[in-house]
Protein chains: 2
Amino acid sequence: MATLCLPYQLSPEQTEKLDTIIQRHRPLQKRDVLIENGEPLKFLYAVRSGSLKSYSLDSHGSEQIIDFHLPGDLIGFDGLIDGQHRSFTQALETTMLCEIPMQSLDQLSAELPGLRKQLLRVMSGELHASKTLLGTLNHHTAQQRLANFIMTLSNRFQQRGLSSRSFRLSMTRADIGNYLGLSVETISRILTQLQQEGVLAVQNKLVEITDPERLRALAS
Amino acid sequence: MATLCLPYQLSPEQTEKLDTIIQRHRPLQKRDVLIENGEPLKFLYAVRSGSLKSYSLDSHGSEQIIDFHLPGDLIGFDGLIDGQHRSFTQALETTMLCEIPMQSLDQLSAELPGLRKQLLRVMSGELHASKTLLGTLNHHTAQQRLANFIMTLSNRFQQRGLSSRSFRLSMTRADIGNYLGLSVETISRILTQLQQEGVLAVQNKLVEITDPERLRALAS
DNA sequence: CAGTCAGCTTGACATACATCAACGATTCGT
DNA sequence: ACGAATCGTTGATGTATGTCAAGCTGACTG
């Protein structure tokens, strides 16, 4: 089960130890809330299938989407700072999770240097991704942002052994817009535009990348 | 020395152990480059005085500022993912640093659970700050972004026991603009505007917050 | 199976900010 | 201490993207 939930390079011995602390979580339905802001951090979660979004609420109570979580992702790192989750996390579709008790994880990471490094590596990777995204959003046009978003999804699916050419956008256009700092209308317009240019084939939630090379070029 | 470089709650015993591995680094002058992209990650650095900026170069070779580092900050976490620094880091003024060998830190963190937690906490905090900033930049006007930037600096200075009311902007207007995704001209215009409204008193690099309440209101 | 509603698309118009340009103010190096 | 370069300010103009409005489509529900 550990290999399903934490698909990283660990020795068989380490995997076995991990298995003893990882639990299966009940499946979530679309719109189910996994984590509420301010909740004590008792578990990290690993996505087995499905997807989720994390968001915070600003002073006016409107959603600010921080991240989308795909199969293989770990959820909850932002709460390590003070033992409280710092955002809401909600399922975008039917979703299966593993649940990893923080306390056991901490104990185990004392014994296993490999696990310790792995955890740091995952966090470091998230940090880097987040900072890169910042740069991307700051200095790019709407088209570049969206192209970049789709490339990033494609890459993440590929890393998990799923199709990088065609996939389902489980989030709404509004979610994408919110995440990229663009309006729904702009997302919609650019998707049709990319389709007209032969870069994508879009059919509702389904996206096929018909010209990966040009998409990559647009994303830079 | 450890207390200077890593001003976190650690026991005297832990502090003493840390002291044995922390080294003083030669002072940097303005524009000196501390870290080059792709360099192997041998040390983490802690800022004792002065300030630095981290940036990456996009495909056209132009700078994307990722972060500013103030006294008390730790530099280098984004490199843990694969043992390579993922950005350039350059001094904005004369700057004093401590240098912490990664290898010793790793060994030490196996012994000291408190240190391990502290490291995770720092990274988690950075992750949270970075994701919050993302939300801020995406959904706010130029004025709100700049107000937020100045509030954030103010808070960070306060945490380090420095004045939160007046401080020096060691980075150029262009740096601020780059970081916030705005043009130099916009930064300049909004600074004069905030001054006219009596929120700030700006004199070249020196900023005094004359109406913290209104600044906070603008930043939200 | 029909009605409803959330999600998506498309068009017309408004605006915040970028860009271009010129000039003033500091800082830096010799 | 001087000249040169970098940095900062201000004004005029352009444009990408937001906002408003209307209609369309697909999905869930009773």
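Each chain gets a letter, A, B and so on, in the order its sequence line appears, and its residues count up from 1. What you are looking at is a predicted structure, and each value in this text was computed from that prediction instead of being measured.
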Would you mind reading off the distance between [X] atom [atom1] and [N] atom [atom2], rounded to a whole angstrom?
X	N	atom1	atom2	answer
B:His140	C:dT15	NE2	C1'	19 Å
B:Arg168	D:dG8	CZ	P	11 Å
B:Gln195	D:dG8	CD	P	15 Å
A:Met171	C:dA6	CE	P	21 Å
B:His139	D:dT17	NE2	P	16 Å
B:Arg173	C:dA25	CZ	P	15 Å
B:Gln203	C:dT27	CD	P	11 Å
B:Glu93	C:dT27	CD	C1'	15 Å

Within-4.5 Å side-chain heavy-atom neighbours: [X] and [Y]:
X	Y	result
A:Gln143	A:Glu197	yes
A:Leu169	A:Leu153	yes
B:Leu80	A:Leu127	no

Donor-acceptor check, side chain of [X] to backbone of [Y], threshold 3.5 angstrom: yes or no?
X	Y	value
A:Arg145	A:His140	yes
B:Ser130	B:Glu126	no
B:Ser154	B:Ser164	yes

Phosphate contact (C:dT27 OP1 or OP2) by B:Lys30 side-chain N/O below 4.0 Å: no
N/O (side chain, A:Lys205) to phosphate O (OP1/OP2, C:dC8) under 4.0 Å: yes
Residues A:Ala142 and A:Ile190: closest non-hydrogen pair is CB-CD1, 3.3 Å
Short side-chain donor-acceptor distance under 3.5 Å, A:Ser56 and A:Ser87: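 The answer is no; no qualifying pair exists.
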Between A:Asn204 and A:Thr141, name the one whose nearest nucleotide on DNA chain D is closer to the 5' end. A:Thr141
Let's see if you get this right: which residues in residues 178-193 of chain B place a heavy atom under 4.0 Å from DNA chain D?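 Hits under 4.0 Å, by residue number: B:Glu185, B:Ser188, B:Arg189, B:Thr192.
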Pairs under 3.5 Å (N/O, protein and nucleotides 1-5 of chain D):
none

Ion pair B:Asp78/A:Lys131, N-O distance below 4.0 Å: no
